[in-house]
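Residue indices begin at 1 and follow the sequence shown. Every number for a ligand or one of its atoms is a count from 1 in the order of the listing.
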Amino acid sequence: MALIVQKYGGTSMGSPERIRNVARRVARWKAQGHQLVVVVSAMSGETNRLIALAKDVSPRPDSRELDVIVSTGEQVTIALLAMALKDLGLEAKSYTGGQVKVLTDSTFTKARILDIDSDNVRRDLNAGTIVIVAGFQGVDQDGNITTLGRGGSDTSGVALAAALKADECQIYTDVDGVYTTDPRIVPEARKLDRITFEEMLEMASLGSKVLQIRSVEFAGKYKVKLRVLSSFEEEGQETMGTLITFEEDSKMEQPIISGIAFNRDEAKLTVLGVPDRPGVAYQILGAIADANIDVDMIIQNVGHDGTTDFSFTVPRGEFERAKKILEEKVSPHVGARAVEGDSKICKVSAVRVGMRSHPGVASKMFRVLAEEGINIKMISTSKIKISVVVDEKYLELAVRVLHKAFDLDQAAA
Ligand code: ADP
Ligand code: ASP
Ligand code: MG
């Protein structure tokens, strides 16, 4: 008997029929004698609908109240799944994040999990009950409802698996595993049977939304055995999905690049003509950090005539707020010439652990993009990835040509 945490995403929970399907799958695992905790997302589209509703009433909704609203999506699906399981004759019980309790900090809309009190869940499991937990949500120490950021149910699943010391955490979604890139953009993308934890971390942090980055971080920290699989495979036809492994692959000849990731959720800001002197980067980015806005890529150009241009990227949803801070607070203070913004950009990245030993990768990437006439606006590299910022209209083309240029459509030797 194993303790298994399963997480089902929005598409998997997208209709009454699909929820009944999930219930049947859970029932099959239960019939094998396992203890099951099932974490669910809201029905697909529901979180977007709730956010839009909030913004319809209040253009910049209060973040505490926004979390009260968006957390309702998962409160619906936990009950529906519990009902469907009871109809199959099984004992099942639903829990909201607060009922479990999943304790988080108080950063509404992107809270971090601090602790999980798993006593209730364990008691139910020991009594043979299937425990259904609302993903994406928690509660802070004052009892306020919080949410974990978009895609956060993955993190709820892995965090629960860590807290319960589960034997495996299975992330059921609408694709049958992790691919070399998003199979919706590149049909030739290949499914990976295994991916190392470091590669998965990098793919997720660079925008592959198949797993939320924090879920991968949790898996690494607590060594949770994590697998991504499809909830749409028929009984008897199920495959093993993709296992996230903690061992380095021992095969000698590895492809240089293991995947192409992309992120549309980026916007670029440039502060033009700032004085080229110590402290300016701090004045610019300090103001952005004080507003709790994450900064991703940063470029400061070489100074000339005593001034320089300073560019960085932020999540697109924070673009207007960041621009306003630069225009109203930063620019007059540092004596900048102007502030420019571009919210129609995206980031495309090539990922491979140990890429440092392959100096030709960057030049190949730049050549391939140049051949397609794609202008690179920003570049950043680390030992395991190269990222470029390009116009959003080139996203699909860039991903496709890079995927092909690095032979990712070919099976590894
Ligand atoms: P869920 O609702 O189950 O959480 P998501 O939409 O959040 O599902 O994540 C699954 C989606 O991630 C897939 O449908 C696919 O389009 C996308 N995706 C992006 N990059 C990858 C990748 N490298 N491998 C597999 N899927 C990917
Ligand atoms: N329902 C939330 C979202 O759409 C959380 C999730 O699905 O993981 O972002
Ligand atoms: Mg998701």
Between ligand 1 and [X], can you find any atom pair, the residue atom being a heavy atom, that is separated by under 4.0 Å?
| X | value |
| --- | --- |
| Pro183 | yes |
| Lys7 | yes |
| Gly177 | yes |

**Message:** Under 4.0 Å, heavy-atom basis, I'd like to know which part of Glu74 is in contact with ligand 2: side chain, backbone, both or neither.
**Reply:** side chain
N or O pair under 3.5 Å between [X] and ligand 1:
| X | value |
| --- | --- |
| Ser12 | no |
| Val178 | no |
| Thr180 | no |
| Tyr179 | yes |

**Request:** Using non-hydrogen atoms of the residue, decide whether Gly152 is closer than 4.0 angstrom to ligand 2.
**Result:** yes
**Prompt:** Of all the heavy atoms in Gly10, does at least one lie under 4.0 Å from an atom in ligand 2?
**Reply:**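 Judged by the 4.0 Å heavy-atom criterion, Gly10 does not count as contacting ligand 2.
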With distance as the sole criterion, is a donor-acceptor pair present between the side chains of [X] and [Y] under 3.5 Å?
| X | Y | value |
| --- | --- | --- |
| Thr147 | Asp67 | yes |
| Arg123 | Asn120 | yes |
| Thr155 | Ser215 | no |

**Request:** Please work out which of the three classes, parallel, tilted or perpendicular, describes the rings of Trp29 and His34, given edges at 30° and 60°.
**Result:**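 Geometry flag for Trp29 against His34: tilted rings.
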**Request:** Output the distance between atom CG (Asp124) and atom OG1 (Thr129), rounded to the nearest 0.5 Å.
**Result:**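 The OG1 atom of Thr129 is 5.0 Å from CG of Asp124, to the nearest 0.5 Å.
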**Message:** Rounded to the nearest 0.5 Å, what separates atom CD1 in Ile325 from atom CD in Glu320?
**Reply:** 11.5 Å
**Asked** Got a sec, which pairs hit salt bridge (Lys or Arg N to Asp or Glu O under 4.0 Å) with one end in residues 24-37, sequence neighbours left out?
**Response**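 Qualifying pairs: Glu17-Arg24, Arg25-Glu238, Arg28-Glu235, Arg28-Glu238.
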**Request:** Could you tell me which atoms of ligand 1, counted from 1 in the order shown, lie closer than 4.0 angstrom to a heavy atom of Thr181?
**Result:**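 So the answer, numbered in order with elements, is 22 (C), 23 (N).
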**Fill in**
So the atoms of ligand 1 within less than 4.0 Å of a heavy atom of Asp174 turn out to be 10 (C), 11 (C), 13 (C), 14 (O)
**Prompt:** Who pairs with Arg112 by side-chain hydrogen bond (donor to acceptor under 3.5 Å, both in side chains), at least two apart in sequence or on another chain?
**Reply:** none
Tell me the protein heavy atom at minimum distance from [atom], and give that distance in Å.
| atom | value |
| --- | --- |
| atom 7 (O) of ligand 2 | Ser41 OG, 3.0 Å |
| atom 14 (O) of ligand 1 | Arg184 NH2, 2.6 Å |
| atom 2 (O) of ligand 1 | Gly10 N, 3.1 Å |
| atom 7 (O) of ligand 1 | Lys209 O, 3.5 Å |
| atom 1 (P) of ligand 1 | Thr173 OG1, 3.6 Å |
| atom 9 (O) of ligand 2 | Arg150 NE, 2.7 Å |

**Asked** For the salt bridge (charged side-chain N to carboxylate O under 4.0 Å, His left out) test, which of Arg316, Lys268, Lys344 pairs with Glu392?
**Response**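 Among Arg316, Lys268, Lys344, the one that satisfies the salt bridge (charged side-chain N to carboxylate O under 4.0 Å, His left out) with Glu392 is Arg316.
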**Prompt:** Can the positive tip of Lys223 be found less than 6.0 Å from the middle of the six-membered ring of Phe246, inside 45° of the ring normal?
**Reply:** yes
**Prompt:** If you measure from each non-hydrogen atom of Val210 to ligand 1, which part falls under 4.0 Å: side chain, backbone, both or neither?
**Reply:**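 It is both backbone and side chain that touch ligand 1.
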Under a 4.0 Å N-O cut-off, is there an ion pair linking [X] with [Y]?
| X | Y | value |
| --- | --- | --- |
| Asp391 | Lys377 | yes |
| Asp174 | Arg184 | yes |
| Glu371 | Arg367 | yes |

**Message:** I'd like to check whether Thr47 has a polar contact with ligand 2, where a contact means an N/O of the residue lying under 3.5 Å from an N/O of the ligand.
**Reply:**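 Yes, there is a polar N/O contact under 3.5 Å.
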**Request:** Could you say whether the N/O atoms of Ser153 and ligand 2 ever approach to under 3.5 Å?
**Result:** yes
**Item:** Nearest-option assignment for atom 15 (C) of ligand 1, heavy atoms, candidates Asp182, Ile171, Val351
**Value:**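 Heavy atom nearest to atom 15 (C) of ligand 1 belongs to Asp182.
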